[in-house]
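Step one of this worksheet: look at the structure below.
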Amino acid sequence: MFDEAGGVDGVNGVARPLRSSGRRERGGPAGPPAGRRPGAALLILPLLCALGLVLGPTGTAPVHAASACTGRLVKTVTFATGSLRVYKSRAYACAVTVAGKPGARRAMRVSLQPRGGRAVVDSGTFTQFAGPVTVHALNRCVRASGSVGGSSGSTGWILC
């Protein structure tokens, strides 16, 4: 009825196991596919592991406020109920105030001021973070402040 791939052999469709010829086909389950070398997997695996180390863990962070600002983290000011984080890219500075224990709505505020300019402020009642606020800071000092609930923290003039 069916050929070797079908698995049925004999008269009147009676199923019987097929006999193997003893020859192994290329690319079958017993060996690597034709044209592939097992050494390639030995080269790719360490490269993928190294890439994972460079990019860091893939798990989720407890608070995703860090993804709100672009650039590198240059200053973190920790206070009793949260922290103030300042980021710097080539021409801009960005700040975020992050609650230490996110959840309940409470008053939060973040402020970022370039030297010689006006402060940019985000304030209100938030659950996780206030901000981000961004200012143009190419070759300029900035100062930042943030508060969560009743406690606050600030930087002096930084990035000078």
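Along the sequence shown, residues carry numbers from 1.
- Atoms CZ and SG, from R140 and C160 in turn, are 11.5 Å apart once rounded to the nearest 0.5 Å.
- Formation of a donor-acceptor pair under 3.5 Å by the R105 side chain with backbone atoms of T125 is found in this model.
- The two atoms that bring A93 and L159 nearest to each other are CB-CD1, 4.2 Å, heavy atoms only.
- Judged by distance alone, with hydrogens and angles left aside, the side-chain atoms of K88 form a donor-acceptor pair with the main-chain N or O of A137 at under 3.5 Å.
- The cluster map of Ile, Leu, Val, Met, Phe, Trp and Tyr, joined by side-chain heavy atoms under 4.5 Å apart, puts V110 and V135 in the same cluster.
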*Would you please test Y92 and H136 for side chain to side chain contact (heavy atoms under 4.5 Å, CB included) and show each step?*
CA-CA 5 Å; Y92 292 92; H136 184 70; 3.8 Å; yes
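- Rounded to the nearest 0.5 Å, atoms OG1 (T76) and CZ (R85) are 6.5 Å apart.
- Residue S83 holds its OG atom at 12.0 Å from CZ of F129, rounded to the nearest 0.5 Å.
- Within 6.0 Å of CZ on F79 lie more than 12 heavy atoms contributed by other residues, nucleotides or ligands.
- Annotation: the span from R109 atom CZ to D122 atom CG amounts to 10.0 Å, rounded to 0.5 Å.
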_As a quick check of understanding, evaluate side chain to side chain contact (heavy atoms under 4.5 Å, CB included) for V120 and T134, giving each step before the final call._
CA-CA 7 Å; V120 178; T134 304; over 6 Å; no
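- In this structure, the separation between CZ on R90 and CZ on R72 is 13.0 Å, given to the nearest 0.5 Å.
- Under the 3.5 Å distance criterion, the side-chain polar atoms of T81 are matched with a main-chain donor or acceptor of V148.
- Follow the hydrophobic side-chain contacts under 4.5 Å out from M108 and you reach L112 in the same cluster.
- Using modelled atom types, no side-chain atom of K75 and backbone atom of V77 make a donor-acceptor pair closer than 3.5 Å.
- Rounding to the nearest 0.5 Å places OG of S145 at 7.0 Å from CG of L84.
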*V121 and V133: side chain to side chain contact (heavy atoms under 4.5 Å, CB included), yes or no, with the steps?*
CA-CA 7 Å; V121 178; V133 291; over 6 Å; no
